[in-house]
There are 2 protein chains.
Amino acid sequence: MGTSLEPAHTEFPASPRPDPNHADCRGVASVLSRVGDKWSVFVIMMLSDGPKRFNELKRMINGISQRMLTLTLRGLERDGLVTRTIFPTIPPRVDYELTDLGRGLQEPVKALGEWAIAHQDRIAAARTRFDERNGG
Amino acid sequence: MGTSLEPAHTEFPASPRPDPNHADCRGVASVLSRVGDKWSVFVIMMLSDGPKRFNELKRMINGISQRMLTLTLRGLERDGLVTRTIFPTIPPRVDYELTDLGRGLQEPVKALGEWAIAHQDRIAAARTRFDERNGG
DNA sequence: CAGGATCCACGTCGATACTG
DNA sequence: CAGTATCGACGTGGATCCTG
């Protein structure tokens, strides 16, 4: 296999006794790392306006390898965010579409995306300052 | 170094001609991967209620290595999300505190976190179904 | 067309030891 | 206390080749 469907680093060393305050860190962290996954986010965005085929997505998301697209779609399907519909035609055709859950996720993700767009200049500036105060 | 301060995989193969629609993918993706970074999120959360010291954070975030805490804090500082204040006392003391930018990021992140908490059951269920329909 | 399988380079992380 | 330096194990992702 070489690559798992689980978002990375979801295993979290439990506190001696489970802290009720952070009881669901694992679950939350695993959802957050979906969002942190660039490809997953792009796929979710591309599926905003209706179902898409495999190679359609591949063309839309410039730079993704077919391996990563497959893996990403499997992960999203596993999480119930995307459905996979096979048309047993020749040549084969597979459609991917957002579920209600997936569409629900879009909202907070878009909010985050808009924040990112709104503040990317400040962040870029901060990075530049930081880098030249140090390494410079 | 071995580990960079840049969020991973921010380099994005540009389209032949820059697509105005996706012009700022790089910047946005790099912010999103900050959010996907479990440790960064935890640190930001821990700093919600005022400044904290290094080992204080280390104790609060169960399971983080001192190396990762250092790296995470440097990344957040570089992005202008966190300030680092050194008190030249003996023993030394360093406080970390959210900037306005950092506090602003908290909102969409919390929205996402709440979505994650609200739907983690459905996601977990979807994963189980998927896993036993396949590997089972 | 849609993907499975394999190989390998690289980045990331934890453990450990050491410093101011 | 608050880090830096180094090393080794592991995961991740791209490239390539092959199948139904």
Side-chain angles (χ1 to χ4, degrees), chain A residues 1-13 29-30 33-34 36-40 42-43 51-78 82-97 134-135, chain B residues 1-13 29-30 33-34 36-40 42-43 51-78 82-97 134-135:
Chain A
M1 184 81 70
T3 307
S4 83
L5 290 178
E6 277 288 350
H9 317 304
T10 55
E11 300 316 328
F12 197 69
S30 86
S33 42
R34 269 264 166 283
D37 181 19
K38 179 177 66 178
W39 300 130
S40 292
F42 283 144
V43 168
K52 299 272 176 295
R53 301 180 56 174
F54 185 88
N55 276 338
E56 205 169 352
L57 286 170
K58 183 155 168 24
R59 273 187 300 272
M60 296 177 77
I61 306 178
N62 205 296
I64 193 172
S65 67
Q66 131 249 58
R67 171 186 148 84
M68 283 318 294
L69 182 53
T70 301
L71 248 35
T72 301
L73 287 168
R74 285 292 175 284
L76 292 172
E77 186 195 358
R78 193 176 98 106
V82 158
T83 59
R84 179 168 178 265
T85 312
I86 308 174
F87 301 91
T89 58
I90 296 184
R93 168 191 178 135
V94 180
D95 274 15
Y96 293 92
E97 185 171 13
N134 294 50
Chain B
M1 183 80 68
T3 307
S4 83
L5 291 178
E6 278 286 351
H9 317 303
T10 54
E11 301 315 329
F12 198 69
S30 86
S33 39
R34 269 261 165 288
D37 181 18
K38 180 177 65 177
W39 300 131
S40 293
F42 283 146
V43 167
K52 297 269 176 298
R53 301 180 58 173
F54 185 87
N55 276 338
E56 204 169 354
L57 286 170
K58 184 154 166 22
R59 274 187 299 273
M60 296 177 76
I61 307 177
N62 205 296
I64 193 172
S65 67
Q66 128 251 55
R67 173 186 147 85
M68 284 317 294
L69 182 54
T70 301
L71 248 36
T72 302
L73 287 168
R74 286 290 175 283
L76 293 172
E77 187 195 358
R78 193 176 98 105
V82 158
T83 59
R84 179 167 178 266
T85 312
I86 308 176
F87 301 91
T89 57
I90 296 183
R93 170 192 176 133
V94 181
D95 274 15
Y96 293 92
E97 185 171 14
N134 295 48

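Bear in mind the structure is a predicted one, so any value in this text is a computation, not a measurement. Throughout, a chain's letter reflects where its sequence line sits, starting with A, and its residues are numbered from 1.
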In Å, rounded to the nearest 0.5 Å, how long is the span from CD of Glu77(B) to CG of Asn134(A)?
7.5 Å

Nearest whole Å is fine: how far is dG13(D) P from Trp39(A) CH2?
9 Å

Could you report the tightest heavy-atom contact between Ser30(A) and Ser33(A), atom names first, then the distance?
O-OG, 3.2 Å

Rounded to whole Å, how long is the line connecting atom CG of Leu69(A) with atom C1' of dA2(C)?
10 Å

Note: Asp37(B) and Ser40(B) closest approach over all heavy atoms is OD2-OG, 2.9 Å

Whole-Å distance, Asn62(A) CG to dG14(D) C1', equals 15 Å

Distance in angstrom units between Met68(A) CE and dG11(C) P, rounded
16 Å

Could you give the NZ-to-P distance, from Lys38(A) to dG14(D), as a whole number of Å?
7 Å

Give the rounded distance in Å between these two atoms: CD1 of Ile61(A) and P of dA2(C).
14 Å

Atom CD1 of Ile64(B) to atom C1' of dA15(C): distance rounded to whole Å?
15 Å

With nearest nucleotides of DNA chain C determined for Ser65(B) and Val94(A) from heavy-atom distances, which residue corresponds to the more 5′ nucleotide?
Val94(A)

Heavy atom of residues 52-59 of chain B under 4.0 Å from DNA chain D: which residues?
Arg53(B), Phe54(B), Asn55(B)

Of the options dG3(C), dT4(D), dG14(D), whose atoms approach the side-chain atoms of Arg67(A) most closely?
dG14(D)

Within the structure, does a side-chain N or O atom of Arg84(A) lie under 4.0 Å from either OP1 or OP2 of dG3(C)?
yes

Please report the shortest heavy-atom distance between Leu5(A) and Arg74(A), naming the atom on each side.
CD2-CB, 3.6 Å

Between Leu76(A) and Arg34(A), what is the shortest heavy-atom contact and its length?
CD2-CD, 3.9 Å

Apply the side chain to side chain contact (heavy atoms under 4.5 Å, CB included) test between Asn55(B) and each candidate in Arg59(B), Lys52(B), Arg53(B); give the one that qualifies.
Arg59(B)

Just to be sure I understand the rule, does Tyr96(A) reach a base, reach only the sugar-phosphate, or reach nothing, if contact means heavy atoms closer than 4.0 Å?
sugar-phosphate

Which atom pairs link the protein and nucleotides 18-20 of chain D when you take only N or O atoms and keep those under 3.5 Å?
none

Approximate separation, where rounding is to 0.5 Å, of Leu73(B) CG and Lys58(B) NZ:
12.0 Å

Of all heavy-atom pairs between Phe54(B) and Leu69(B), which one has the smallest distance, and what is that distance?
O-CD2, 3.5 Å

Taking side chain as C-beta onward, heavy atoms only, is Val82(B) less than 4.5 Å from Glu97(B)?
no

Rounding to an integer number of Å, can you tell me how far Leu71(B) CG sits from dT6(D) P?
15 Å

